[in-house]
Amino acid sequence: MRFNTKSVHSGRKPDPVTGAISTPIYQTSTFLFEDFDKPRECDYSRTNNPNRLALGRAIADLEGGHQGFIFASGMAAVTTAIHLLKAGDHVISCDDLYGGSHRLFSEIITKFGIEFTFLRLDEEQKLRDAIKPNTKMIWIETPSNPLLNITDLEMVSRVASEHEILTVCDNTFSTPYFLRPIEYGIDLVLHSTTKYLNGHCDVIGGAIVTTTEKLSEEIQFLLNGMGTNASPFDSWLVLRGIKTLPVRMDRHAESSMKIARYLDEHPRVKEVFYPGLTSHPGHEIAKKQMDGYGGVVSFRIEGEVPEFLRKLEIFYLAESLGGADSLVEHAATMSHASMNEEARIKAGITDDLIRLSIGLEDVEDLIGDLEKALGRSKTG
Ligand SMILES: *Cc1c(COP(=O)(O)O)cnc(C)c1O
């Protein structure tokens, strides 16, 4: 099956009892045993539930992985993945990663004796130099959040495999429609399904796709042991969202390219970050490893930020991304406020940085909204 067909059919089959095409919602905590010592495929919904299983199969199929596991949030997935490690281990992570992941790593997980090095993963030698004898994991986001930096996945997984280091790629921004990290040798793929996979701003959820039987057993053990699982209804909603993933991603990317070009020429815009622009430092690698450049555009603005944000009408001032509704946010005080100031500035998340999540509205309306809010003079 090709990607569009998989998006509609993977993980699902009509309900054997009623013939319902849509997977029924199994809103139950527990399941009847067939007999003494004979549980069915699902016996307790923390451990397994048919809606989670269906969604896990669908996402694993789209990513080309071994098995998919479904979590209560993207952060629940991140938390679960990091528990593959133990005290004394060292992690190399990209430096401008999702603000919540940065907070979890630097302020919570370090309490348990795991060390982190935050690094821009743009040069092979820099990565090699950062590897220590106890380095056990490399954590990647590409494109990263909010600066859309691109990491060469083939390079990272080649270096990692020489040292038997586990590689994790948070693929939330690209989705498997545009990037399948496993094809480049990545071991674990992670998602906040809250974003594009669900796509409608109405679920918080997460997923992990594994590549081996061993990793699948470990992730299932952690999910069940830590209780980081998603609910049946949220799993059902995300499975529903995935049916339209390819058509949504095509529109997000097409409009984002137009908006990036528009911003690039605007006198009040100092710098535009979108991997589809040939001026973007990661453009060549993005072109090589991705099938599209995604739906997030960031830029630096000259003049008053609050006034610009207040003048927008179609773009809602809100955190998050990946939905039908276009959103705008100020990374320094919103999505990345959880990062300490030093790390934030070092990662390039300055006060003049705006991040747009380009939704599914008509692109002419979105550009009109930006034009009205930006004005044409340097001060707006
Ligand atoms: C949103 C996001 C997360 C966290 O996901 P939640 O569903 O909000 O817990 C992790 N990584 C990336 C890249 C994200 O955008």
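Ligands are counted one by one from 1 in listed order, and the atoms in each one are counted from 1 as well. This is a predicted model, so every value here is computed, not measured.
- Using a 4.0 Å heavy-atom cutoff, G205 is listed among the residues neighbouring ligand 1.
- From the protein, the heavy atom lying nearest to atom 6 (P) of ligand 1 is G74 N, 3.4 Å.
- Side-chain contact between P24 and Y26 is present, with heavy atoms from C-beta onward closer than 4.5 Å.
- Applying the 4.0 Å criterion to heavy atoms of M75 picks out, from ligand 1, the atoms 4 (C), 5 (O), 6 (P), 9 (O).
- Every N/O-N/O distance between L321 and ligand 1 stays at or above 3.5 Å.
- Crowding of K287 atom NZ: a count of heavy atoms from other residues, nucleotides or ligands under 6.0 Å not exceeding 12.
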Check the pair L321 / R355 against side-chain contact (heavy atoms from CB on, under 4.5 Å), numbers first and verdict last. CA-CA 9 Å; L321 55 108; R355 186 187 76 190; 3.6 Å; yes
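- You'll find the side chain of I59 reaches within 4.5 Å of the side chain of T193, heavy atoms only.
- The distance criterion of under 3.5 Å between nitrogen or oxygen atoms is not met by S101 with respect to ligand 1.
- Taking the six-membered ring where the residue is Trp, the centroids of H252 and Y196 are separated by under 6.0 Å.
- Contact atoms of ligand 1 toward F173: 15 (O) (distance under 4.0 Å to a heavy atom of the residue).
- Of all protein heavy atoms, the one closest to atom 11 (N) of ligand 1 is D170 OD2, 2.6 Å.
- For atom 14 (C) of ligand 1, the closest heavy atom belonging to the protein is K195 NZ, 3.0 Å.
- Of the protein's non-hydrogen atoms, the one nearest atom 4 (C) of ligand 1 is Y98 CE2, 3.3 Å.
- Separation of the Y177 and F3 ring centroids falls under the 6.0 Å cut-off.
- Between F105 and F118, the ring-plane angle classifies as parallel under the 30° and 60° cut-offs.
- Short contacts between ligand 1 and S73, defined as distances under 4.0 Å to a heavy atom of the residue, involve ligand atoms 7 (O), 9 (O).
- Counting heavy atoms from C-beta on, the side chains of D187 and V168 never come closer than 4.5 Å.
- Protein heavy atom nearest atom 7 (O) of ligand 1, with residue, atom name and distance: T194 OG1, 2.6 Å.
- Regarding atom 5 (O) of ligand 1, its nearest protein heavy-atom neighbour is S192 OG, 3.0 Å.
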